[in-house]
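Below: the structure, in structure tokens.
So you know, we letter chains A, B, ... as the sequences are listed, proteins then strands, and number each from 1.
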Amino acid sequence: MRDRHRPREVAPESSTTEHGGMSVTEHVRVRFAPSPTGHLHIGGARTAVYNWAFARRHGGTFVLRIEDTDPERSTEENTQAILRAMEWLGLDHDEGPDVGGPYGPYRQTERAHLYADALERLKERGSVYPCFCTPEELERKREEARARGGFAGYDRTCRLIPQEEAQRRIESGEPHTWRLKVPLERGDVVFDDLVRGEMRFPISAIDDLIVVRSDGTPTYNFAVAVDDATMRITHVIRGDDHISNTPKQILIYEALGLEPPEFAHLSMIWGPDGKRLSKRHGATSVEAYREMGYLPVALLNYLALLGWSLDGETTVIDRDTLVANFSLERVSRNPAIFDAEKLEWLNGVYIRQMSAEEFVERMVPVLVEAGLLRAEEVAARREWLLALAPLVSERIKRLDEIVAMVRFLFEDVAIDDRAREAVLAKPGAATALAAAREALSGVASWDAPSIEAALRPLPERLGMKPKAVFQALRVAVTGTTVSPPLFESLELLGRERSLARIEAAQPLAAE
RNA sequence: GGCCCGUUCGUCUAGUGGACUAGGACACCGCCCUCUCAAGGCGGAGAUCACGGGUUCGAAUCCCGUACGGGCUACCA
């Protein structure tokens, strides 16, 4: 449903709001709050991109908060991996566990005292009450309520316990949780979602949720609200799986006597089958894309486009353009399906945009990693690498494709069976190779133009098609039917090796 | 069950009542270029705007309903 009354988001740099008749400048503060239970995945990265872009667009602060309250699955390695992935993507944060900041600590496990403080405040204000129901009882009640239909939340039994009695039971050591006393008389909880417009929830449908467990730890909604409040977050930009949590968090803010932030809910990212994106759909972590040879700018661009558009026409959007143009108003409400092919195309666009120098910088680590080049050789072969760069960069979409494309330049490769059959087995192949070998041995200066000058006349002289002659040569020299341009390849291979390979291939060629 | 969200070419999207014979991009098909593969150029196919009602001179755009998909409904996050 389209909502034409979507609220204004803040103007770039800052926004001015009325506070007690006084104009104050509100500094934008957003946060990305991943749970270190795994690597940074595509969906989380997209949320991070939007938060980052929004902060940068408005000259605000981007906070990184680690939600590590699940001790079973949270690890420090994952935290570090998430940090690395964000750095690689270029999503720099202003405050976080690694860089600190005025509103720390930035790991939930280190913020226990803040939740305790908040609980005290809630008690003082009478916004919370102890609940002595056991998990088993609750389970039973839930099932009964479910069977009756309608509201399935807590039946508020303990809300009716007189204060003195509750106090006595607490002091006697009876296990209890703390529940939010939802103000039934309050009326609907309404907020203006910056992406979806007005969102309205009947107060009667909101549970007296547990804010602090019997072991004293805060529940998710409580921790989030307290964190966002104490970190002075102004805009909460997150997945739409949190829409239903929002009214609960707003109620917590209100119970604390605080002004809730603005909210913007992003649609989910799905796999090609319309299901939640998961490993089944292939690579889902940012790290995996780095390893596959994707450029950070390409992934950033693609992620930005997954639910946001600049103008509906522009698709190639670099970091600066994104920052200069990002707005929540242009975020779409529909879930988006992750399209690996479009990402790959975009990556190719950025690869082709690189200068030879930039490409060499990317290519060298790949070659070294593949064992084709030694790091010590790089300086000496710089000119050669610079000449190779444009030949390769125009033909690949991922950096990891480099290896297969240039291997023949670094080591002798066997001639591919299919290539031999399709090309060398054709009549005339041997004649072509012999003629080429002869023509090439006479080349004075071993460079592509001279090589081309020597080879160009061959087809006509031999009465063959150009393609037949050059493909035979290509297969002899590169081992396959697909390679960078022939004349340049010969130049880079060098005279000795080129002639040797042609000679070696001659016995395999048909007359 | 209750509450909430979503639905425009295969995919990402443009669209905010008349400029819509619904635009762009990826993918697909054809032609051109060409030593292969790419890249590039030109062209093509592809969307009854989920469905049904209404409002209006006029609706992809506003209203209501239905269907389908999704989320929340935990002492998970």
Side-chain angles (χ1 to χ4, degrees), chain A residues 1-6 33 35 37 67 69-70 72-74 131 133-135 138-139 142 145-153 175-179 193 196 199-202 204-207 209-215 217 219-221 223-224 239-248 265 267-268 270 272 274-276 302 305-309 311-316 330 332-346 348 352 392-397 405 419 423 452 455-456 459 465-475 478 480-487:
Chain A
M1 195 184 298
R2 304 290 145 110
D3 188 333
R4 303 174 62 247
H5 310 291
R6 292 168 80 178
S35 178
T37 53
E67 306 210 329
T69 48
D70 183 346
E72 300 289 307
R73 299 182 297 151
S74 297
C131 175
C133 298
T134 64
L138 293 172
E139 177 67 24
R142 205 166 22 244
R146 234 2 195 299
R148 277 200 311 275
F151 184 64
H176 61 281
T177 59
W178 288 92
R179 284 186 184 272
D193 191 287
R196 288 153 209 274
M199 219 63 77
R200 180 179 294 271
F201 296 80
S204 58
I206 302 174
D207 204 2
L209 69 157
I210 291 173
V211 291
V212 173
R213 303 186 185 99
S214 50
D215 66 359
T217 59
T219 56
Y220 171 74
N221 282 303
V224 166
D240 74 0
D241 47 340
H242 289 290
I243 289 180
S244 303
N245 287 326
T246 306
K248 302 173 193 171
H265 288 100
S267 291
M268 303 276 86
W270 287 346
K275 298 248 168 61
R276 229 191 160 98
Y302 181 71
L305 247 21
L306 216 49
W308 172 83
S309 65
D311 54 12
E313 309 277 306
T314 316
T315 48
V316 180
R330 292 195 62 86
S332 89
R333 289 156 278 254
N334 324 350
I337 290 175
F338 187 80
D339 181 3
E341 279 186 295
K342 189 159 182 174
L343 201 211
E344 195 165 68
W345 166 78
L346 254 181
R352 272 174 257 127
V392 179
S393 66
E394 201 172 299
R395 311 189 142 63
I396 58 168
K397 291 181 176 154
M405 185 147 297
V423 179
E452 177 164 11
L455 296 177
R456 271 296 172 202
K465 292 196 158 164
K467 183 171 170 175
V469 175
F470 297 131
Q471 275 299 77
L473 244 188
R474 182 188 311 283
V475 170
T478 72
T480 70
T481 55
V482 176
S483 82
L486 184 59
F487 310 125

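Using a 4.0 Å heavy-atom distance criterion, Pro202(A) is classed as a sugar-phosphate-only contact. Heavy atoms of Thr177(A) sit under 4.0 angstrom from at least one base atom. Residue Phe201(A) is in sugar-phosphate contact alone, with no base atom involved, counting any heavy-atom pair closer than 4.0 Å across all strands shown. Contacts of Arg73(A) with the nucleic acid, taken as non-hydrogen atoms under 4.0 Å apart, are absent. Backbone-only engagement by Glu341(A) is indicated by non-hydrogen atom pairs under 4.0 Å involving sugar-phosphate atoms exclusively. The residue Met199(A) sits close only to the backbone: its heavy atoms come under 4.0 Å of sugar-phosphate atoms, none of a base. Using a 4.0 Å heavy-atom cutoff across all strands shown, Asn245(A) reaches at least one base atom of the nucleic acid.
If you take CG of Asn221(A) and P of rC3(B), they are 20 Å apart, rounded to a whole angstrom. The distance between atom CG of Asp193(A) and atom P of rC5(B), rounded to the nearest whole Å, is 10 Å. We find that CG of Leu473(A) is positioned 20 Å from P of rU34(B), with the value rounded to whole Å. Remark: P of rU73(B) and OH of Tyr220(A) are 11 Å apart, rounded to the nearest angstrom. One interatomic measurement links the two molecules: CD of Glu344(A) to P of rC28(B), which rounds to 11 Å at whole-angstrom precision. Computed from coordinates, the Asp240(A) CG to rC3(B) C1' distance equals 15 Å when rounded to whole Å. Rounded to an integer number of Å, the gap from Met405(A) CE to rA39(B) C1' is 12 Å. When rounded to the nearest whole Å, the span between CZ of Arg474(A) and P of rC37(B) equals 9 Å.
Taking the P atom of each, rU61(B) and rA50(B) are spaced 8 Å apart, rounded to whole Å. rC49(B) and rA60(B) are spaced 5 Å apart, taking the C1' atom of each and rounding to whole Å. rG1(B) sits 42 Å from rG58(B) when the C1' atoms are compared, rounded to a whole Å. Distance check on atom C1': rG70(B) versus rA47(B) gives 23 Å, rounded to whole Å. The P atoms of rC51(B) and rC9(B) are separated by 10 Å, rounded to the nearest whole Å. Comparing the P positions of rC4(B) and rU66(B) gives a spacing of 13 Å, expressed to the nearest Å. As rounded to the nearest Å, rA19(B) and rC32(B) have C1' atoms that lie 34 Å from one another. Straight-line distance between the P atoms of rA38(B) and rC26(B): roughly 16 Å, to the nearest whole Å.
When side chains are defined from C-beta on, Thr315(A) does not count as touching Leu346(A), because their heavy atoms never get closer than 4.5 Å. Thr69(A) has its side chain out of reach of Tyr220(A): every pair of non-hydrogen atoms, C-beta onward, lies at least 4.5 Å apart.
Between Thr69(A) and Trp270(A), the residue anchored nearer the 5' end of RNA chain B, judged by the nucleotide with its closest heavy atom, is Trp270(A). Taking the nucleotide of RNA chain B with the nearest heavy atom to each of Pro484(A) and Asp70(A), the more 5' of the two is matched to Pro484(A).
Counting distance only, with no hydrogens placed and no angle test, the side-chain atoms of Ser244(A) and the base atoms of rG71(B) include a donor-acceptor pair under 3.5 Å. Judged by distance alone, with hydrogens and angles left aside, Ser214(A) brings a side-chain donor or acceptor within reach of the base of rC75(B), the pair sitting under 3.5 Å.
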Full working for side chain to side chain contact (heavy atoms under 4.5 Å, CB included) between Asp193(A) and Arg333(A): CA-CA 11 Å; Asp193(A) 191 287; Arg333(A) 289 156 278 254; over 6 Å; no

Pair Met199(A)-Thr246(A), side chain to side chain contact (heavy atoms under 4.5 Å, CB included): steps then yes or no: CA-CA 10 Å; Met199(A) 219 63 77; Thr246(A) 306; over 6 Å; no

Verdict with supporting geometry, Val224(A) and Glu67(A), side chain to side chain contact (heavy atoms under 4.5 Å, CB included): CA-CA 9 Å; Val224(A) 166; Glu67(A) 306 210 329; 3.9 Å; yes

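No side-chain donor-acceptor contact under 3.5 Å links Asn334(A) and Ser332(A). Under the 3.5 Å distance criterion, with hydrogens and angles disregarded, no donor-acceptor pair is assigned to the side chains of Ser483(A) and Arg395(A).
Figure legend. rA19(B) is base-paired to no nucleotide; pairs are counted as Watson-Crick or G-U wobble with both atom distances under 3.5 Å. Across all strands shown, rC28(B) forms a Watson-Crick or G-U wobble pair with rG44(B), both key distances being under 3.5 Å. If you check rA74(B) for Watson-Crick or wobble pairing at under 3.5 angstrom, you find it has no partner at all. Figure legend. rC33(B) is base-paired to no nucleotide; pairs are counted as Watson-Crick or G-U wobble with both atom distances under 3.5 Å. As the counterpart of rC62(B), rG54(B) is assigned, both hydrogen-bonding distances of the Watson-Crick or G-U wobble pattern falling under 3.5 Å. As the counterpart of rC9(B), no nucleotide is assigned, since no Watson-Crick or G-U wobble pattern has both distances under 3.5 Å.
No donor-acceptor distance shorter than 3.5 angstrom exists from the side chain of Arg474(A) to the backbone of Pro485(A), with no hydrogens or angles considered. The backbone N or O of Glu344(A) lies less than 3.5 Å from no partner atom in the side chain of Tyr302(A), so there is not a single donor-acceptor pair. In this structure, Thr219(A) contributes its side chain and Ile210(A) its backbone to a donor-acceptor pair below 3.5 Å.
Listed pair Arg395(A) / rU36(B) fails the phosphate criterion, with no side-chain N or O lying under 4.0 Å from OP1 or OP2. For rG40(B), the OP1/OP2 oxygens have a side-chain nitrogen or oxygen of Arg352(A) closer than 4.0 Å. Close to rC3(B), at under 4.0 Å from its OP1 or OP2, lies no side-chain N or O of Arg200(A). Contact annotation: Arg333(A) side-chain N/O to rC5(B) OP1/OP2 distance is not under 4.0 Å.
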Between the protein and nucleotides 11-13 of chain B, list every N/O to N/O distance that falls short of 3.5 Å.
residue, atom, partner, partner atom, Å
rC12(B), OP1, Ile337(A), N, 3.1
rC12(B), O2', Leu305(A), O, 3.0
rC12(B), O2, Lys342(A), NZ, 3.4
rU13(B), OP1, Gly307(A), N, 3.0
rU13(B), OP1, Ser332(A), OG, 3.4

